[in-house]
2 protein chains.
Amino acid sequence: MSHTEAPTWSEHVHSVLARAGHQRGGARERVIELLARQPCALSAVEIEDALRAEGTPIGRASIYRVLELLVEHGLAERVAVGPGQSRFEAIDPSGAHHHHLICRECGRLVAFDDPGLERAIDNLSRRLGVRVEHHDVLLRGSCEKCE
Amino acid sequence: MSHTEAPTWSEHVHSVLARAGHQRGGARERVIELLARQPCALSAVEIEDALRAEGTPIGRASIYRVLELLVEHGLAERVAVGPGQSRFEAIDPSGAHHHHLICRECGRLVAFDDPGLERAIDNLSRRLGVRVEHHDVLLRGSCEKCE
DNA sequence: CACGTATTTGGGATTGAGTCTCGTTCTGTG
DNA sequence: CACAGAACGAGACTCAATCCCAAATACGTG
């Protein structure tokens, strides 16, 4: 890693997938690029709509395939917001990650991170004697705007 | 977990619902009784199957109605395990609650609680300045047996 | 560059959890 | 025991997600 530019998420994704023996295809590229540009989690349906709106419609099957592939390789995260739909979001290669608050009033998804929380989960997994590969924390309440 | 103390969960549920002006009905009773007997979260489909297997089949609509009612009154919790299915579980009237670890190997759902984690979430919500009504923590990894 | 094979893609059928509707049945009250 | 409102259930329906398979594409090789 030189000082020029940190590797972007899409670059990271491409290198991981290439190393795993995957070829490149148009559909995958477009889903990755779209995801790379998002500030927060998108649902598969939103991805499908967004790509169609951009004039590059992608088959539903391909979208789900790409998302599954990304999750499998730890490159994206599935956020289960409730019954009926999952949202997906890029995972930063630096390892930094965040969690979400769903506002009961406006339905907005707010991202946050918290070292204390990470520490607590760390201690917890040690106490339980299990190897925790991944953790989701989802808070439900009212966001600042809706207080 | 806890021993059977004076007010059982079903008694608590009945009193809360009665106070909210609900009548009693056979379907609701059976779902509540079934849920009361469970050690851990069940999906709506599992509830439907279990009740049919016991010889008291309950309409799907009623099951979802009851579950929604319970969640609404803070008597049960919905655990979003993944895409396409929610699980439901009784909430202890004492306020004690727990979270879950999903084992990647065997798919088992393991319950645990942790004061440190609760404290971290408490501090966090204060820091963010939001009112957190509910929180879910879902760990993914390998359970003791599958280590 | 042309070729051949393995991978990727997408349309469309299918699944399955969850929701909705509406007529019937039950509960609690006067 | 009659009535009004609450609860129930069968089944149609919605919609995210999966499956299937033939066509298109990537890419190493000759």
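As a basis for the values below, the full set of heavy atoms in this structure was taken, side chains included, without hydrogen atoms, waters or symmetry mates. All chains are named by letter (A, B, ...) in the order of the sequence lines, taking the proteins before the strands, and each is independently numbered beginning at 1.
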Checklist entry - What distance separates B:F112 CZ from B:L139 CG, expressed to the nearest 0.5 Å? => result 4.0 Å
Checklist entry - Which is the 5'-most and which the 3'-most nucleotide of DNA chain C that has an atom under 4.0 Å from a heavy atom of chain A? => result C:dT7 to C:dA13
Checklist entry - What parts of residues 13-27 of chain A reach DNA chain D, counting only heavy atoms under 4.0 Å away? => result A:Q23, A:R24
Item to check | B:S142 side chain to A:R131 side chain, donor-acceptor N/O pair below 3.5 angstrom | outcome: yes
Item to check | Charged N-O contact under 4.0 Å between B:R78 and B:D136 | outcome: no
Checklist entry - Cut-off 3.5 Å, side chains only: do A:H98 and A:E77 have a donor facing an acceptor? => result no
Checklist entry - With a 3.5 Å cut-off and no angle check, do the side chains of B:H99 and B:E118 form a donor-acceptor pair? => result yes
Item to check | Atom pair distance, as rounded to whole Å: CD1 in B:I63 and P in D:dA10 | outcome: 11 Å
Checklist entry - Can you give one letter per nucleotide of nucleotides 15-21 of chain D, 5' to 3': B if a protein heavy atom sits under 4.0 Å from the base, S if only from the sugar-phosphate, - if neither? => result -SBBB--
Next on the checklist: For residues B:L138 and B:F88: do they belong to one hydrophobic cluster (side chain heavy atoms under 4.5 Å, members Ile, Leu, Val, Met, Phe, Trp, Tyr)?
Outcome noted: no
Checklist outcome for this item: Taken to the nearest whole Å, CG/B:L67 to P/D:dA7 is 15 Å
Next on the checklist: Atom CZ of residue position A:R119 - does it have more than 12 heavy atoms of other residues, nucleotides or ligands inside 6.0 Å?
Outcome noted: no
Next on the checklist: Can you confirm whether the side chains of A:E89 and A:H97 place a donor and an acceptor under 3.5 Å from each other?
Outcome noted: no
Item to check | Residues B:E133 and A:R140 bridged, charged N to O under 4.0 Å | outcome: no
Checklist entry - How about B:E54: does its CD atom have over 12 heavy atoms from other parts shown lying under 6.0 Å from it? => result yes
Next on the checklist: In whole Å, I'd like the distance from the CZ atom of A:R28 to the P atom of D:dA26.
Outcome noted: 12 Å
